[in-house]
Q: 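One structure coming up, written as structure tokens, with questions to follow.
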Amino acid sequence: MSRRLVSSLARLAVIGLVGVGMSGCIGEDLRHGYQIDQAALATVKPGMSAEQVLQILGTPSTVSTVGNKSWYYITQNTRRTVLFLGEQVEDQKVTAVYFSAGFKVERVALYGLQDGKVFDFIERTTPTSGADRAFLSQLFRGLTRYEPFGSGQSNVPGANRGM
């Protein structure tokens, strides 16, 4: 084999390996939560018991916290365009089964992405006003406004009138 042929094959092999490696970085479609079976959902009718709904649809994704009168089956389809980057929500459906006082099905409702706001179930953090500034800027701000005996001002309305 000639040297030119060997170098061409080596280049082709390297390009092939790079192509195979990069193919793992191409995006993917992800499905989260309860995947709705339309045929099973059509069998859920008003007046059915909660046990019958459990047999047909299975365990709900979440249950209402007040009164335990609603079950929610949540599904979410997301797309990740490049591996290891964030996901964009493409579709979200919430199937809600509402029960009456005797735990009989009152109605079934389907809510889509257009019916509400997408929120992150996993993050579990609450934003605070302190997060707006960096730690060091908060620290230096506190040092420059040091008042060892207080400011002399009270937060109670009318408390400083006699001064």
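Position 1 is the first residue of the sequence, and the numbers go up from there.
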Q: Would you say Thr75's side chain and Tyr34's backbone share a donor-acceptor pair under 3.5 angstrom?
A: yes

Q: Could you check whether Trp71 and Tyr98 have their ring centres less than 6.0 Å apart?
A: no

Q: Does any non-hydrogen side-chain atom of Ser49 lie less than 4.5 Å from one of Lys104?
A: yes

Q: In sequence, state the C-alpha distance, the side-chain angles, and the governing distance for Leu30 and Asn77, and then conclude on side-chain contact (heavy atoms from CB on, under 4.5 Å).
A: CA-CA 6 Å; Leu30 303 167; Asn77 298 328; over 6 Å; no

Q: Do Lys93 and Asp91 meet the salt-bridge criterion of a basic N to acidic O distance under 4.0 Å?
A: yes

Q: First locate atom OG1 of Thr95, then atom CG of Leu57, and finally report the distance between them rounded to the nearest 0.5 Å.
A: 8.0 Å

Q: Can you tell me how far apart CG (Leu110) and CD1 (Ile36) are? Round to the nearest 0.5 Å.
A: 5.5 Å

Q: For Val53 and Val105, which heavy atoms make the closest approach, and how far apart are they?
A: CG2-CG2, 3.4 Å

Q: With sequence neighbours excluded, what pairs up with Ser100 under the side chain to side chain donor-acceptor pair (under 3.5 Å) test?
A: none

Q: Can you tell me how far OH of Tyr111 sits from CD of Gln92, rounded to the nearest 0.5 angstrom?
A: 13.5 Å

Q: State, with a plain yes or no, whether a side-chain heavy atom of Thr78 is found less than 4.5 Å away from one of Gln76.
A: yes

Q: Please report the closest heavy-atom contact between Ala109 and Arg107, naming both atoms and the distance.
A: CB-NH1, 4.0 Å

Q: Mind checking whether Val108 and Lys45 have side chains closer than 4.5 Å, heavy atoms only?
A: no

Q: Compare every heavy atom of Pro60 with every heavy atom of Tyr73, then report the nearest pair and how far apart it is.
A: CE2-CA, 3.3 Å

Q: Taking all heavy atoms of Ala50 and all of Phe99, pick out the closest pair and write down the distance.
A: CA-CE2, 3.8 Å

